[in-house]
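All values derive from a computational prediction rather than experimental measurement. Along the sequence shown, the residues carry numbers beginning at 1. For ligands, and for the atoms within them, numbers begin at 1 and follow the listed sequence.
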Amino acid sequence: MLQKINIAIDGHSSCGKGTLAREMAEKLNYTFIDSGSMYRAVALFFLQNDILISDTEQVVKALKQINLDFQYSDTHSRFEICLNGLSVEKRIRQMDVAAIVSDVAALSSVRKELVRMQQDLGKNKGVVMDGRDIGTVVFPDAELKIFMTADVEIRAQRRHKELFATGSEISFEEVLDNLTSRDRIDSNREDSPLTMTDDYRLLDNSHISQKEQLQIALEWVEEIQKKNGNP
Ligand code: CDP
């Protein structure tokens, strides 16, 4: 039997990390974990409970009241992020959450809690996790680390189309501003900034299809498995 590995996919906002991670997990029969959904769920809790990001005491107290897990949805045939038992998978994609999530994710108390959960989820290998710090902090020993990016305008177009399809009337400019601002905060924060260290393989998908990116990534997996002595 093939030895399972962990796969870390990090990169800029809205460049399709989740899509690639999900498709790789399906092909390899691995578990897909969207670490961003966990930060988004915490941000949603902060919004719903008027938690002030600048008030450390409030934040620490709030974290104790948050329970996150992934539950299978028969309706959507996928695992969905649940905040205190209720699926918030759709709600966390809205703009009010996107507007504050990077500030929430810059808090060390939040990161500490979520990284611990993520490491636990990956301890038996066979996980494809996407985020910003998966290859640098969560699984520094991941056998495959992919850094994804694409032109920011292309990323904004894709995310705008996605939001539009769910009935949102947000403008293209607002989406572009949000992506630019999240990338800036994510790359410049003190705790676990988004960084491409030299053990990552770069995947710029500005001009390649979903199918092509999957093929490239699966070839990398194969190469690593061969190097590890698997047939
Ligand atoms: O899918 P999208 O690129 O819009 O973002 P996401 O993966 O849902 O992540 C939302 C936000 O959570 C990011 O902009 C980061 O601020 C934060 N995040 C993080 O700090 N570390 C992670 N491992 C994953 C997400």
Side-chain angles (χ1 to χ4, degrees), residues 6-23 32-47 53 66 68 70 79-81 83 88-122 127-140 142 145-152 154-163 166 168 170 174-197 200 203 205:
N6 273 343
I7 301 171
I9 307 182
D10 291 308
H12 291 118
S13 298
S14 196
C15 58
K17 298 181 298 293
T19 306
L20 176 66
R22 189 185 295 278
E23 290 180 349
F32 159 58
I33 294 157
D34 170 3
S35 71
S37 71
M38 300 165 80
Y39 289 94
R40 285 173 179 267
V42 171
L44 176 63
F45 184 90
F46 283 16
L47 271 183
I53 295 172
I66 296 177
L68 298 180
F70 292 91
F79 280 92
E80 297 190 338
I81 179 89
L83 170 60
V88 288
E89 186 68 46
K90 200 165 161 220
R91 176 67 185 86
I92 56 168
R93 310 289 159 196
Q94 289 173 8
M95 273 318 274
D96 54 347
V97 173
I100 64 156
V101 64
S102 285
D103 287 324
V104 171
L107 301 172
S108 292
S109 51
V110 173
R111 303 205 71 80
K112 206 169 144 201
E113 201 63 32
L114 297 194
V115 166
R116 196 182 41 76
M117 280 179 66
Q118 291 154 4
Q119 286 174 333
D120 194 50
L121 290 166
V127 161
V128 189
M129 194 177 290
D130 78 298
R132 303 294 185 287
D133 60 338
I134 310 305
T136 50
V137 176
V138 180
F139 304 138
K145 301 183 184 181
I146 301 176
F147 191 96
M148 272 179 89
T149 191
D151 294 347
V152 69
I154 294 177
R155 291 191 270 133
Q157 269 163 15
R158 291 176 184 157
R159 181 54 54 97
H160 185 238
K161 206 168 137 196
E162 236 171 62
L163 287 165
T166 63
S168 161
I170 187 163
E174 267 177 282
V175 176
L176 181 64
D177 279 356
N178 174 257
L179 296 191
T180 315
S181 130
R182 281 200 286 132
D183 283 348
R184 186 177 32 79
I185 302 173
D186 294 343
S187 305
N188 293 300
R189 66 183 177 218
E190 226 164 89
D191 190 341
S192 324
L194 171 66
T195 326
M196 185 176 136
T197 46
Y200 277 90
L203 185 52
N205 70 359

Is the shortest side-chain heavy-atom distance between I9 and I134 below 4.5 Å? no
Only residue of R182, E162, R159 satisfying side-chain hydrogen bond (donor to acceptor under 3.5 Å, both in side chains) with S14 is R159
Do Q94 and R91 have side-chain atoms, one donor and one acceptor, less than 3.5 Å apart? yes
Would you check, one step at a time, whether the test salt bridge (charged side-chain N to carboxylate O under 4.0 Å, His left out) holds for D183 with R155? CA-CA 12 Å; D183 283 348; R155 291 191 270 133; 2.9 Å; yes
For atom 9 (O) of ligand 1, what's the nearest protein heavy-atom neighbour? Residue, atom name and distance, please. G36 CA, 3.6 Å
Write out the residue and atom name of the closest protein heavy atom to atom 23 (N) of ligand 1, then the distance separating them to 0.1 Å. D133 OD1, 2.8 Å
Nearest-contact summary for atom 8 (O) of ligand 1 - protein heavy atom, Å: R40 NE, 2.6 Å
Which ligand 1 atoms does S13 reach within 4.0 Å, using its non-hydrogen atoms? 3 (O)
Going by heavy-atom distance to atom 20 (O) of ligand 1, choose the closest among E162, R132, R189. R189
Would you mind reporting whether R93 and K90 have side-chain heavy atoms less than 4.5 Å apart? no
Of the choices K17, R182, R159, which has the non-hydrogen atom that lies closest to atom 1 (O) of ligand 1? R159
Residue G131 vicinity, atoms of ligand 1 by number, heavy atom under 4.0 Å: 22 (C), 23 (N), 24 (C)
Closest to atom 24 (C) of ligand 1 among A98, S35, A21 (heavy-atom distance): S35
Keeping the roles fixed (side chain from D34, backbone from S37), state whether a donor-acceptor pair exists under 3.5 Å. yes
Going by the atom numbers of ligand 1, which of them fall below 4.0 Å from some non-hydrogen atom of S14? 2 (P), 3 (O), 4 (O)
Here's a test for you: under side-chain contact (heavy atoms from CB on, under 4.5 Å), which of F46, Y39, F45 qualifies with V42? F46
Identify the protein heavy atom lying closest to atom 16 (O) of ligand 1, giving its residue, its atom name and the separation to 0.1 Å. D186 OD1, 2.6 Å
Where's the contact between I134 and ligand 1, heavy-atom distance under 4.0 Å: side chain, backbone, both or neither? side chain
For atom 17 (C) of ligand 1, which protein heavy atom lies nearest, and how many Å away is it? A105 CB, 3.6 Å
Side-chain touch D130/F32, heavy atoms, less than 4.5 angstrom: yes
Could I get the full list of ring-ring contact (aromatic ring centres under 6.0 Å, His included) partners for H160, not counting sequence neighbours? none
Counting heavy atoms under 4.0 Å, the part of R111 that contacts ligand 1 is side chain
